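Notes follow the structure.
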Amino acid sequence: MKIPPTLSTVLSNLFRKPATNMFPKTEPVPTPDGFRGKLIYYPDKCVGCKLCVTVCPAGVIEFIPEIKKVTFWLGRCVFCAQCVDVCPVNALEMSKEFLLATYDKYDDNLRWLKDEEIEEMIEAQKSK
Ligand code: SF4
Ligand code: SF4
């Protein structure tokens, strides 16, 4: 009897290794070059030009006039990297980090320049 092509494909696949990635038991699938993961901010490089605030489509970035830096609420970020492209001093970078799940939208991991850091910088500015 002739085996139909679909059945013969099914039968041969039965004896192949599964093509599943067993994450989290295994490492996740590697990210490609140019992957846009969690945004990284280098405040020391930032010159407070506000260009990133202007281009961000998601209202992630807030300017802090007292210290001429910005703070990021990454729970709103859509990973478009427009802020990275526009920053004139390379103070921003997209990392490869994508495991960002949290129970709290104000999680410290989703914030650049946290409140206490901002306060410290303001105090340091005043004492100059
Ligand atoms: S990556 Fe896009 S959405 Fe995220 S902070 Fe930058 S401009 Fe805003
Ligand atoms: S664009 Fe760059 S230098 Fe300008 S405020 Fe944003 S992070 Fe700072």
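We count ligands from 1, going down the list as the structure has it; atoms in each ligand are counted the same way. In this text the structure is predicted, and so the values were computed from the model without any measurement. Along the sequence shown, the residues carry numbers beginning at 1.
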Within 6.0 Å of NZ in K96, more than 12 heavy atoms from elsewhere: yes

At what distance is the nearest protein heavy atom to atom 4 (Fe) of ligand 1, and which residue and atom is it? C77 SG, 2.4 Å

Quick one: CD on E66 to CE on M121, what's the gap to the nearest 0.5 Å? 11.5 Å

Tell me, which protein residue and heavy-atom name are nearest atom 3 (S) of ligand 1, and how many Å apart are they? V78 N, 3.4 Å

Say you draw a straight line from CG of D108 to OG1 of T102; how long is it, rounded to the nearest 0.5 Å? 9.5 Å

In ligand 2, the atoms that come under 4.0 Å of a heavy atom of K50 are 4 (Fe), 5 (S)

Exceeds 12 heavy-atom contacts within 6.0 angstrom, atom NZ of K45: yes

Nearest-0.5 Å distance, CD1 of residue I64 to OG1 of residue T71: 5.0 Å

Pull out every atom of ligand 1 sitting under 4.0 Å from any heavy atom of V60, numbered as shown with elements. 5 (S), 8 (Fe)

For atom 2 (Fe) of ligand 2, how many protein N, O or S atoms lie at less than 2.8 Å? 1

Distance in Å, W112 CH2 paired with C77 SG, rounded so as to fall on 0.5 Å steps: 12.5 Å

Interatomic spacing from CZ in F23 to CG in L99 - rounded to 0.5 Å: 4.5 Å

If you measure from CD on Q82 to OG1 on T54, what distance do you get to the nearest 0.5 Å? 11.5 Å

Is there side-chain contact between F35 and F98, with heavy atoms separated by less than 4.5 Å? yes

With atom 1 (S) of ligand 1 as the reference point, say which of A58, C56, A81, G59 has the nearest heavy atom. A81

So which protein heavy atom does atom 2 (Fe) of ligand 1 come closest to, and at what separation? C80 SG, 2.2 Å

